[in-house]
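All remarks here apply to the structure that follows.
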Amino acid sequence: MLDSLRSSLQVALDKLKGAGAVDEKLIDETVKQVEKALLLADVSLQLVASLSSEIKDRAKKEEPPPGYTKKDLVLKLIFDELVALMGGNSPHPIKPKKGLETKIMLVGIEGSGKTTTAAKLALYYKNNGYSVGLISLDNYRLGAADQLQQLAAKINIPFYANPSIPIKKAFEEGMTKVREAGAKLVLIDTAGRHKDEVGLMKEIEEVAAFTRPDQVILVIDANLGQTAASQAASFSSKVKVGSIIITKMDGSGKGGGALSAVAYLKVPVAFIGVGEALEDLEEFDAKSFVSRLLGMGDLRALVNSMQIAEQEEQESLERIASGHMTLDDMLEQIKAFKKMGRLSKILDTLPIGGIKLDDVAKEQGEEKMKKWEVIIQSMNRKEREDPSLVDSQRIKRIAKGSGTRPEDVKDLIRQYDLLKKTMKNARRNKRLASLLGGARWK
Ligand code: GDP
Ligand code: MG
(Lines give C-alpha, C1' and ligand atoms only; values in the text may rest on other atoms or scores of the structure.)
(Ligands and ions follow the chains in the order given, each with its own letter.)
Protein backbone atom coordinates (compact mmCIF):
# COMPACT_ATOMS: atom_id res chain seq x y z
CA MET A 1 0.00 0.00 0.00
CA LEU A 2 1.45 3.34 -1.12
CA ASP A 3 4.75 1.52 -1.32
CA SER A 4 6.96 4.31 -2.59
CA LEU A 5 5.63 6.84 -0.10
CA ARG A 6 6.09 4.34 2.67
CA SER A 7 9.65 3.49 1.81
CA SER A 8 10.76 7.10 1.39
CA LEU A 9 9.14 8.14 4.68
CA GLN A 10 10.84 5.26 6.40
CA VAL A 11 14.24 6.30 5.09
CA ALA A 12 13.69 9.75 6.59
CA LEU A 13 12.67 8.35 9.95
CA ASP A 14 15.41 5.71 10.07
CA LYS A 15 17.97 8.44 9.75
CA LEU A 16 16.40 10.34 12.60
CA LYS A 17 16.13 7.24 14.75
CA GLY A 18 19.74 6.30 14.08
CA ALA A 19 21.12 9.74 14.89
CA GLY A 20 22.68 10.63 18.23
CA ALA A 21 21.60 14.00 19.55
CA VAL A 22 18.80 15.83 17.82
CA ASP A 23 19.58 19.39 16.85
CA GLU A 24 17.87 21.90 14.63
CA LYS A 25 19.89 20.84 11.61
CA LEU A 26 18.81 17.23 11.94
CA ILE A 27 15.19 18.26 12.40
CA ASP A 28 15.41 20.41 9.25
CA GLU A 29 16.93 17.54 7.29
CA THR A 30 14.33 15.08 8.47
CA VAL A 31 11.48 17.43 7.68
CA LYS A 32 12.97 18.09 4.24
CA GLN A 33 13.02 14.37 3.52
CA VAL A 34 9.44 13.98 4.71
CA GLU A 35 8.52 16.88 2.38
CA LYS A 36 10.26 15.22 -0.53
CA ALA A 37 8.53 11.91 0.13
CA LEU A 38 5.10 13.55 0.22
CA LEU A 39 5.71 15.64 -2.91
CA LEU A 40 6.86 12.57 -4.83
CA ALA A 41 3.65 10.87 -3.77
CA ASP A 42 1.64 13.75 -5.30
CA VAL A 43 0.57 15.43 -2.10
CA SER A 44 -0.02 19.06 -3.01
CA LEU A 45 2.76 21.57 -2.48
CA GLN A 46 0.60 23.79 -0.31
CA LEU A 47 -0.28 20.96 2.06
CA VAL A 48 3.31 19.78 2.26
CA ALA A 49 4.50 23.28 3.05
CA SER A 50 2.02 23.78 5.85
CA LEU A 51 2.71 20.33 7.27
CA SER A 52 6.45 20.88 7.42
CA SER A 53 6.27 24.35 8.90
CA GLU A 54 3.89 23.00 11.53
CA ILE A 55 6.34 20.23 12.45
CA LYS A 56 9.27 22.64 12.63
CA ASP A 57 7.38 25.22 14.68
CA ARG A 58 6.14 22.66 17.14
CA ALA A 59 9.58 21.05 17.42
CA LYS A 60 10.95 24.43 18.45
CA LYS A 61 8.20 25.30 20.88
CA GLU A 62 7.32 22.02 22.52
CA GLU A 63 9.22 20.04 25.07
CA PRO A 64 9.04 16.28 25.36
CA PRO A 65 7.17 15.11 28.47
CA PRO A 66 9.29 13.75 31.33
CA GLY A 67 11.07 10.56 30.39
CA TYR A 68 11.09 11.27 26.64
CA THR A 69 13.71 12.70 24.36
CA LYS A 70 13.57 15.41 21.72
CA LYS A 71 13.84 12.63 19.17
CA ASP A 72 10.67 11.01 20.51
CA LEU A 73 8.99 14.38 20.28
CA VAL A 74 9.98 14.92 16.64
CA LEU A 75 8.77 11.42 15.73
CA LYS A 76 5.49 12.13 17.44
CA LEU A 77 5.10 15.47 15.66
CA ILE A 78 5.64 13.85 12.26
CA PHE A 79 3.11 11.20 13.22
CA ASP A 80 0.58 13.78 14.47
CA GLU A 81 0.83 15.95 11.39
CA LEU A 82 0.51 13.02 8.99
CA VAL A 83 -2.56 11.86 10.89
CA ALA A 84 -4.00 15.36 10.56
CA LEU A 85 -3.25 15.33 6.83
CA MET A 86 -5.20 12.11 6.53
CA GLY A 87 -8.32 13.45 8.11
CA GLY A 88 -7.44 13.31 11.79
CA ASN A 89 -9.04 11.29 14.52
CA SER A 90 -12.67 11.72 13.72
CA PRO A 91 -15.01 8.89 14.70
CA HIS A 92 -16.10 6.57 11.91
CA PRO A 93 -18.36 8.67 9.67
CA ILE A 94 -20.82 6.04 8.52
CA LYS A 95 -22.67 4.45 11.40
CA PRO A 96 -26.31 4.31 10.31
CA LYS A 97 -28.95 3.52 12.93
CA LYS A 98 -30.16 -0.02 12.47
CA GLY A 99 -33.82 -0.30 11.58
CA LEU A 100 -34.02 3.32 10.42
CA GLU A 101 -34.16 3.95 6.69
CA THR A 102 -30.86 5.45 5.56
CA LYS A 103 -29.88 6.35 2.01
CA ILE A 104 -26.24 6.52 1.06
CA MET A 105 -25.26 7.74 -2.38
CA LEU A 106 -21.91 7.09 -4.03
CA VAL A 107 -20.43 9.65 -6.39
CA GLY A 108 -17.15 9.84 -8.27
CA ILE A 109 -15.80 9.80 -11.79
CA GLU A 110 -15.99 6.77 -14.04
CA GLY A 111 -13.58 4.03 -13.12
CA SER A 112 -13.01 5.29 -9.60
CA GLY A 113 -14.62 2.13 -8.26
CA LYS A 114 -18.13 3.25 -7.27
CA THR A 115 -20.00 0.20 -8.44
CA THR A 116 -17.53 -2.23 -6.91
CA THR A 117 -17.48 -0.20 -3.71
CA ALA A 118 -21.29 -0.10 -3.53
CA ALA A 119 -21.30 -3.90 -3.52
CA LYS A 120 -18.41 -4.02 -1.02
CA LEU A 121 -20.33 -1.71 1.31
CA ALA A 122 -23.46 -3.79 0.92
CA LEU A 123 -21.54 -6.88 2.01
CA TYR A 124 -19.81 -5.05 4.85
CA TYR A 125 -23.05 -3.70 6.32
CA LYS A 126 -24.89 -6.97 5.74
CA ASN A 127 -22.17 -8.73 7.72
CA ASN A 128 -22.67 -6.14 10.44
CA GLY A 129 -26.35 -6.95 10.78
CA TYR A 130 -27.97 -4.38 8.49
CA SER A 131 -30.73 -5.07 5.98
CA VAL A 132 -29.20 -3.61 2.85
CA GLY A 133 -30.58 -2.77 -0.60
CA LEU A 134 -28.78 -1.65 -3.78
CA ILE A 135 -30.06 0.66 -6.49
CA SER A 136 -28.17 1.51 -9.66
CA LEU A 137 -28.86 4.90 -11.20
CA ASP A 138 -26.11 4.62 -13.78
CA ASN A 139 -28.13 4.70 -16.97
CA TYR A 140 -25.30 6.26 -18.84
CA ARG A 141 -22.81 3.49 -19.20
CA LEU A 142 -24.02 0.35 -20.92
CA GLY A 143 -23.79 -2.65 -18.69
CA ALA A 144 -23.38 -0.63 -15.47
CA ALA A 145 -26.67 -1.92 -14.09
CA ASP A 146 -25.81 -5.50 -15.05
CA GLN A 147 -22.47 -5.19 -13.31
CA LEU A 148 -24.08 -4.23 -10.01
CA GLN A 149 -26.88 -6.75 -10.45
CA GLN A 150 -24.37 -9.57 -10.72
CA LEU A 151 -22.47 -8.39 -7.68
CA ALA A 152 -25.71 -8.02 -5.71
CA ALA A 153 -26.79 -11.52 -6.65
CA LYS A 154 -23.45 -12.92 -5.49
CA ILE A 155 -23.95 -11.56 -2.00
CA ASN A 156 -27.70 -11.96 -1.98
CA ILE A 157 -28.71 -8.31 -1.67
CA PRO A 158 -32.03 -6.93 -2.99
CA PHE A 159 -31.28 -4.92 -6.12
CA TYR A 160 -33.09 -2.66 -8.54
CA ALA A 161 -32.19 -0.94 -11.81
CA ASN A 162 -34.05 0.01 -14.94
CA PRO A 163 -31.94 1.72 -17.60
CA SER A 164 -34.90 2.15 -19.93
CA ILE A 165 -36.72 4.72 -17.80
CA PRO A 166 -35.58 8.15 -16.50
CA ILE A 167 -33.40 7.87 -13.39
CA LYS A 168 -35.83 9.73 -11.14
CA LYS A 169 -38.48 7.16 -11.97
CA ALA A 170 -35.97 4.33 -11.61
CA PHE A 171 -35.08 5.61 -8.17
CA GLU A 172 -38.69 5.76 -7.01
CA GLU A 173 -39.42 2.27 -8.27
CA GLY A 174 -36.16 1.05 -6.79
CA MET A 175 -37.03 2.41 -3.36
CA THR A 176 -40.40 0.67 -3.47
CA LYS A 177 -38.79 -2.60 -4.52
CA VAL A 178 -35.99 -2.67 -1.97
CA ARG A 179 -38.33 -1.57 0.81
CA GLU A 180 -40.60 -4.47 -0.10
CA ALA A 181 -37.59 -6.73 0.24
CA GLY A 182 -37.03 -5.35 3.76
CA ALA A 183 -34.05 -3.09 3.08
CA LYS A 184 -33.36 -0.25 5.50
CA LEU A 185 -29.89 0.79 4.44
CA VAL A 186 -30.14 1.72 0.77
CA LEU A 187 -26.95 2.20 -1.24
CA ILE A 188 -27.31 4.20 -4.43
CA ASP A 189 -24.78 3.87 -7.25
CA THR A 190 -24.55 6.73 -9.74
CA ALA A 191 -23.03 7.44 -13.13
CA GLY A 192 -19.49 8.73 -13.36
CA ARG A 193 -19.43 9.55 -17.02
CA HIS A 194 -21.21 12.18 -19.01
CA LYS A 195 -20.74 14.15 -22.15
CA ASP A 196 -18.52 16.46 -20.12
CA GLU A 197 -17.74 17.29 -16.54
CA VAL A 198 -20.28 20.10 -16.39
CA GLY A 199 -22.98 17.68 -17.51
CA LEU A 200 -21.94 15.12 -14.92
CA MET A 201 -21.95 17.64 -12.09
CA LYS A 202 -25.36 18.90 -13.16
CA GLU A 203 -26.71 15.37 -13.13
CA ILE A 204 -25.24 14.65 -9.67
CA GLU A 205 -26.92 17.75 -8.34
CA GLU A 206 -30.26 16.73 -9.83
CA VAL A 207 -29.94 13.17 -8.55
CA ALA A 208 -29.17 14.39 -5.04
CA ALA A 209 -32.25 16.63 -5.18
CA PHE A 210 -34.63 13.71 -5.64
CA THR A 211 -32.76 10.92 -3.82
CA ARG A 212 -32.19 13.16 -0.78
CA PRO A 213 -29.39 11.00 0.59
CA ASP A 214 -28.51 10.92 4.29
CA GLN A 215 -24.91 10.77 3.25
CA VAL A 216 -22.91 11.20 0.06
CA ILE A 217 -19.68 9.25 -0.25
CA LEU A 218 -17.08 10.47 -2.69
CA VAL A 219 -15.12 7.59 -4.22
CA ILE A 220 -11.56 8.48 -5.23
CA ASP A 221 -8.99 6.32 -6.98
CA ALA A 222 -5.60 6.20 -5.23
CA ASN A 223 -3.92 6.36 -8.62
CA LEU A 224 -5.24 9.81 -9.29
CA GLY A 225 -2.59 12.51 -9.09
CA GLN A 226 -3.00 16.19 -8.42
CA THR A 227 -6.33 16.32 -10.26
CA ALA A 228 -7.98 14.43 -7.41
CA ALA A 229 -8.32 17.58 -5.34
CA SER A 230 -9.97 19.63 -8.08
CA GLN A 231 -12.31 16.75 -8.89
CA ALA A 232 -13.27 16.44 -5.26
CA ALA A 233 -13.88 20.18 -5.17
CA SER A 234 -16.24 19.97 -8.17
CA PHE A 235 -18.30 17.24 -6.54
CA SER A 236 -18.45 18.95 -3.21
CA SER A 237 -19.59 22.18 -4.80
CA LYS A 238 -22.70 20.32 -5.98
CA VAL A 239 -23.45 17.93 -3.13
CA LYS A 240 -22.51 17.79 0.51
CA VAL A 241 -19.82 15.13 0.66
CA GLY A 242 -19.95 13.39 4.06
CA SER A 243 -17.06 10.99 3.70
CA ILE A 244 -14.52 9.61 1.27
CA ILE A 245 -13.55 6.13 0.18
CA ILE A 246 -10.15 5.76 -1.44
CA THR A 247 -10.03 2.74 -3.75
CA LYS A 248 -7.17 0.75 -5.23
CA MET A 249 -4.93 1.24 -2.23
CA ASP A 250 -3.60 -2.24 -2.99
CA GLY A 251 -2.04 -1.05 -6.23
CA SER A 252 1.08 0.90 -6.97
CA GLY A 253 -0.73 4.22 -6.75
CA LYS A 254 1.07 7.07 -5.09
CA GLY A 255 -2.02 8.01 -3.12
CA GLY A 256 -0.95 11.56 -2.39
CA GLY A 257 -3.48 13.08 -4.78
CA ALA A 258 -6.35 11.33 -3.04
CA LEU A 259 -4.94 12.26 0.36
CA SER A 260 -4.70 15.91 -0.69
CA ALA A 261 -8.35 15.79 -1.70
CA VAL A 262 -9.16 14.48 1.78
CA ALA A 263 -7.22 17.28 3.42
CA TYR A 264 -8.86 19.96 1.28
CA LEU A 265 -12.41 18.75 1.71
CA LYS A 266 -11.85 18.20 5.43
CA VAL A 267 -14.14 15.20 5.44
CA PRO A 268 -13.05 11.89 6.90
CA VAL A 269 -12.01 8.81 4.99
CA ALA A 270 -14.51 6.11 5.89
CA PHE A 271 -13.01 3.10 4.13
CA ILE A 272 -10.25 2.14 1.78
CA GLY A 273 -10.51 -0.38 -1.03
CA VAL A 274 -7.64 -2.83 -1.04
CA GLY A 275 -8.48 -5.23 -3.88
CA GLU A 276 -11.03 -6.25 -6.46
CA ALA A 277 -12.82 -8.83 -4.34
CA LEU A 278 -15.91 -7.73 -2.42
CA GLU A 279 -14.22 -8.50 0.90
CA ASP A 280 -11.41 -6.08 0.09
CA LEU A 281 -12.72 -3.11 2.02
CA GLU A 282 -11.11 -1.84 5.21
CA GLU A 283 -12.43 0.57 7.77
CA PHE A 284 -10.09 3.52 7.78
CA ASP A 285 -8.38 4.74 10.91
CA ALA A 286 -5.90 7.55 10.32
CA LYS A 287 -3.68 6.61 13.26
CA SER A 288 -3.25 2.96 12.37
CA PHE A 289 -2.85 3.90 8.74
CA VAL A 290 -0.02 6.31 9.50
CA SER A 291 1.73 3.84 11.79
CA ARG A 292 1.58 1.29 9.00
CA LEU A 293 2.83 3.87 6.56
CA LEU A 294 5.75 4.75 8.77
CA GLY A 295 6.40 1.08 9.33
CA MET A 296 6.59 1.44 13.06
CA GLY A 297 4.20 -0.60 15.10
CA ASP A 298 5.98 0.81 18.09
CA LEU A 299 5.51 4.41 16.98
CA ARG A 300 1.86 4.26 17.87
CA ALA A 301 2.73 2.88 21.28
CA LEU A 302 5.25 5.70 21.72
CA VAL A 303 2.69 8.32 20.76
CA ASN A 304 0.10 6.87 23.09
CA SER A 305 2.43 6.69 26.04
CA MET A 306 3.65 10.22 25.35
CA GLN A 307 0.08 11.43 25.37
CA ILE A 308 -0.51 9.75 28.70
CA ALA A 309 2.67 11.26 30.13
CA GLU A 310 1.65 14.71 28.88
CA GLN A 311 -1.76 14.28 30.41
CA GLU A 312 -0.31 13.20 33.74
CA GLU A 313 2.05 16.09 33.75
CA GLN A 314 -0.71 18.51 32.95
CA GLU A 315 -2.74 17.14 35.85
CA SER A 316 0.23 17.36 38.14
CA LEU A 317 0.85 20.98 37.18
CA GLU A 318 -2.80 21.78 37.67
CA ARG A 319 -2.68 20.26 41.15
CA ILE A 320 0.39 22.29 41.95
CA ALA A 321 -1.20 25.46 40.65
CA SER A 322 -4.34 24.86 42.64
CA GLY A 323 -2.33 24.36 45.81
CA HIS A 324 -3.00 20.65 46.07
CA MET A 325 0.48 19.44 45.35
CA THR A 326 1.38 15.93 46.45
CA LEU A 327 4.87 14.70 47.21
CA ASP A 328 4.78 12.71 43.99
CA ASP A 329 4.01 15.88 42.06
CA MET A 330 6.94 17.61 43.63
CA LEU A 331 9.34 14.81 42.88
CA GLU A 332 8.13 14.55 39.33
CA GLN A 333 8.55 18.26 38.74
CA ILE A 334 12.01 18.36 40.22
CA LYS A 335 13.05 15.44 38.07
CA ALA A 336 11.48 17.03 35.03
CA PHE A 337 13.25 20.25 35.82
CA LYS A 338 16.54 18.46 35.88
CA LYS A 339 15.83 17.33 32.36
CA MET A 340 14.48 20.45 30.82
CA GLY A 341 13.81 23.19 33.27
CA ARG A 342 10.09 23.26 32.67
CA LEU A 343 8.55 24.35 35.94
CA SER A 344 11.39 26.68 36.66
CA LYS A 345 10.52 28.57 33.49
CA ILE A 346 7.15 29.21 35.03
CA LEU A 347 8.60 30.11 38.41
CA ASP A 348 11.13 32.43 36.83
CA THR A 349 8.35 34.54 35.44
CA LEU A 350 6.85 35.09 38.87
CA PRO A 351 7.65 38.33 40.63
CA ILE A 352 7.81 36.59 44.00
CA GLY A 353 11.08 36.26 45.79
CA GLY A 354 12.26 33.49 48.01
CA ILE A 355 12.65 29.98 46.88
CA LYS A 356 12.64 28.95 43.30
CA LEU A 357 12.38 25.43 42.15
CA ASP A 358 15.59 25.64 40.18
CA ASP A 359 17.41 26.54 43.38
CA VAL A 360 15.93 23.48 45.01
CA ALA A 361 16.79 21.32 42.09
CA LYS A 362 20.30 22.67 41.71
CA GLU A 363 20.98 22.05 45.36
CA GLN A 364 19.64 18.58 45.31
CA GLY A 365 22.04 16.21 43.71
CA GLU A 366 21.12 12.93 42.13
CA GLU A 367 21.82 11.21 45.43
CA LYS A 368 19.24 13.22 47.26
CA MET A 369 16.71 12.78 44.51
CA LYS A 370 17.09 9.02 44.78
CA LYS A 371 16.78 9.20 48.53
CA TRP A 372 13.60 11.22 48.28
CA GLU A 373 12.23 8.71 45.88
CA VAL A 374 12.68 5.80 48.28
CA ILE A 375 11.33 7.84 51.15
CA ILE A 376 8.20 8.67 49.18
CA GLN A 377 7.86 5.03 48.23
CA SER A 378 7.82 4.13 51.91
CA MET A 379 4.87 6.39 52.56
CA ASN A 380 1.31 5.35 52.13
CA ARG A 381 -0.97 7.09 49.68
CA LYS A 382 -2.56 9.35 52.26
CA GLU A 383 0.80 10.57 53.48
CA ARG A 384 1.98 11.32 49.97
CA GLU A 385 -1.09 13.33 49.22
CA ASP A 386 -1.08 15.17 52.52
CA PRO A 387 2.40 15.23 54.09
CA SER A 388 1.07 17.25 57.05
CA LEU A 389 -0.07 13.90 58.41
CA VAL A 390 3.54 12.87 58.85
CA ASP A 391 4.26 13.32 62.56
CA SER A 392 7.37 12.23 64.43
CA GLN A 393 5.96 8.74 64.90
CA ARG A 394 5.45 8.34 61.22
CA ILE A 395 8.80 9.90 60.42
CA LYS A 396 10.49 7.12 62.38
CA ARG A 397 8.49 4.47 60.58
CA ILE A 398 9.18 5.95 57.14
CA ALA A 399 12.90 6.39 57.82
CA LYS A 400 13.14 2.80 58.92
CA GLY A 401 11.16 1.52 55.98
CA SER A 402 13.28 3.41 53.48
CA GLY A 403 16.63 2.82 55.13
CA THR A 404 17.22 6.54 55.65
CA ARG A 405 17.62 8.78 58.68
CA PRO A 406 14.71 10.68 60.27
CA GLU A 407 16.52 13.91 59.29
CA ASP A 408 16.25 12.93 55.64
CA VAL A 409 12.50 12.50 55.94
CA LYS A 410 12.21 15.83 57.77
CA ASP A 411 14.29 17.51 55.08
CA LEU A 412 11.97 16.25 52.38
CA ILE A 413 8.89 17.44 54.25
CA ARG A 414 10.52 20.84 54.82
CA GLN A 415 11.28 21.29 51.15
CA TYR A 416 7.77 20.28 50.34
CA ASP A 417 6.26 22.81 52.75
CA LEU A 418 8.45 25.55 51.40
CA LEU A 419 7.59 24.83 47.83
CA LYS A 420 3.93 24.50 48.58
CA LYS A 421 3.89 27.86 50.27
CA THR A 422 5.60 29.38 47.27
CA MET A 423 3.10 27.84 44.95
CA LYS A 424 0.24 29.08 47.07
CA ASN A 425 1.52 32.61 46.70
CA ALA A 426 2.06 32.03 43.06
CA ARG A 427 -1.48 30.86 42.69
CA ARG A 428 -2.70 34.36 43.03
CA ASN A 429 -0.59 35.27 40.12
CA LYS A 430 -2.62 35.41 37.00
CA ARG A 431 0.38 34.99 34.84
CA LEU A 432 0.98 31.53 36.22
CA ALA A 433 -2.60 30.58 35.55
CA SER A 434 -2.34 31.70 31.97
CA LEU A 435 0.95 29.92 31.55
CA LEU A 436 -0.48 26.72 32.91
CA GLY A 437 -3.47 27.00 30.66
CA GLY A 438 -1.37 28.20 27.75
CA ALA A 439 -1.01 26.71 24.33
CA ARG A 440 1.93 24.46 25.08
CA TRP A 441 -0.23 22.36 27.31
CA LYS A 442 -3.06 22.01 24.90
P1 GDP B 1 -17.00 2.89 -11.41
O2 GDP B 1 -16.88 3.24 -12.85
O3 GDP B 1 -16.66 4.08 -10.55
O4 GDP B 1 -18.29 2.29 -11.04
O5 GDP B 1 -15.85 1.81 -11.11
P6 GDP B 1 -15.96 0.24 -11.01
O7 GDP B 1 -16.56 -0.17 -9.73
O8 GDP B 1 -16.59 -0.29 -12.24
O9 GDP B 1 -14.44 -0.15 -10.92
C10 GDP B 1 -13.50 0.11 -11.95
C11 GDP B 1 -12.39 -0.92 -11.86
O12 GDP B 1 -11.64 -0.76 -10.68
C13 GDP B 1 -12.89 -2.35 -11.83
O14 GDP B 1 -12.06 -3.15 -12.63
C15 GDP B 1 -12.75 -2.76 -10.37
O16 GDP B 1 -12.56 -4.14 -10.21
C17 GDP B 1 -11.53 -1.98 -9.98
N18 GDP B 1 -11.48 -1.71 -8.54
C19 GDP B 1 -12.39 -1.08 -7.77
N20 GDP B 1 -11.95 -0.96 -6.48
C21 GDP B 1 -10.73 -1.54 -6.45
C22 GDP B 1 -9.76 -1.74 -5.41
O23 GDP B 1 -9.91 -1.33 -4.24
N24 GDP B 1 -8.62 -2.38 -5.75
C25 GDP B 1 -8.41 -2.82 -7.04
N26 GDP B 1 -7.25 -3.43 -7.29
N27 GDP B 1 -9.28 -2.63 -8.01
C28 GDP B 1 -10.44 -2.02 -7.75
MG1 MG C 1 -20.05 2.14 -12.07
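The structure presented is a predicted model; accordingly, all values stated were derived computationally and were not measured. Computation of the quantities below employed the complete heavy-atom set of this structure, encompassing side-chain atoms and omitting hydrogens, waters and symmetry-equivalent molecules. Counting convention: from 1, in listed order, for ligands and their atoms alike.
The residue Asp189 has no part lying near ligand 1, judged by heavy-atom distances below 4.0 Å. Within the 4.0 Å heavy-atom criterion, neither part of Glu282 lies near ligand 1.
Here Thr116 fails the criterion, with no N, O or S atom under 2.8 Å of the Mg ion (ligand 2).
Under the 3.5 Å distance criterion, with hydrogens and angles disregarded, no donor-acceptor pair is assigned to the side chains of Asp214 and Thr102. With hydrogens and angles left out, the side-chain atoms of Ser243 and Gln215 include a donor and acceptor closer than 3.5 Å.
Any N or O atom pair closer than 3.5 Å counts here, and Lys114 shares at least one such pair with ligand 1. Taking only nitrogen or oxygen atoms, main chain and side chain alike, Thr247 does not reach within less than 3.5 Å of ligand 1. At under 3.5 Å, not a single nitrogen or oxygen of Thr117, backbone or side chain, sits near a nitrogen or oxygen of ligand 1.
Assignment of Met249 to the shell around ligand 1 is not supported, since no heavy atom sits closer than 4.0 Å. Within the 4.0 Å heavy-atom shell around ligand 1 one does not find Gly108. Between Gly251 and ligand 1 there is no heavy-atom distance shorter than 4.0 Å. Ligand 1 has no atom lying under 4.0 Å from any heavy atom of Gly192. In this structure, Asp280 does not count as a contact residue of ligand 1, since none of its heavy atoms falls inside 4.0 Å of the ligand.
Between Asp28 and Lys25 there is no salt bridge, since no side-chain nitrogen of the basic residue lies less than 4.0 Å from a carboxylate oxygen of the acidic one. One finds a salt bridge joining Asp3 and Arg6 here, because a Lys/Arg side-chain nitrogen approaches an Asp/Glu carboxylate oxygen to under 4.0 Å. Salt bridge absent: Glu206 and Lys168 never bring a charged side-chain N and a carboxylate O closer than 4.0 Å.
Annotation for Lys126: atom NZ counts as buried by contact number, over 12 foreign heavy atoms lying within 6.0 Å.
Taking CD from Gln147 and OG1 from Thr115, the interatomic distance works out to 4.5 Å, rounded to the nearest 0.5 Å.
Ring pair Phe210/Phe171 is tilted by interplanar angle, where 30° to 60° counts as tilted.
With ligand atoms numbered from 1 in the order given, ligand 1 contributes 23 (O) to contacts under 4.0 Å with heavy atoms of Gly273. Taking every heavy atom of Ile109 and a limit of under 4.0 angstrom, the matching atoms of ligand 1 come to 3 (O). Contact atoms of ligand 1 toward Val274: 23 (O) (distance under 4.0 Å to a heavy atom of the residue).
When the heavy-atom distances from atom 19 (C) of ligand 1 to Asp221, Thr116, Thr115 are ranked, the shortest goes to Thr116. Counting heavy atoms only, Gln147 comes closest to atom 8 (O) of ligand 1 of the residues Lys248, Glu110, Gln147.
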Discussion item. Salt bridge (Lys or Arg N to Asp or Glu O under 4.0 Å), that's the test. Do Arg58 and Asp80 meet it? Break it down for me.
Written reply: CA-CA 11 Å; Arg58 288 181 62 189; Asp80 278 358; 3.2 Å; yes
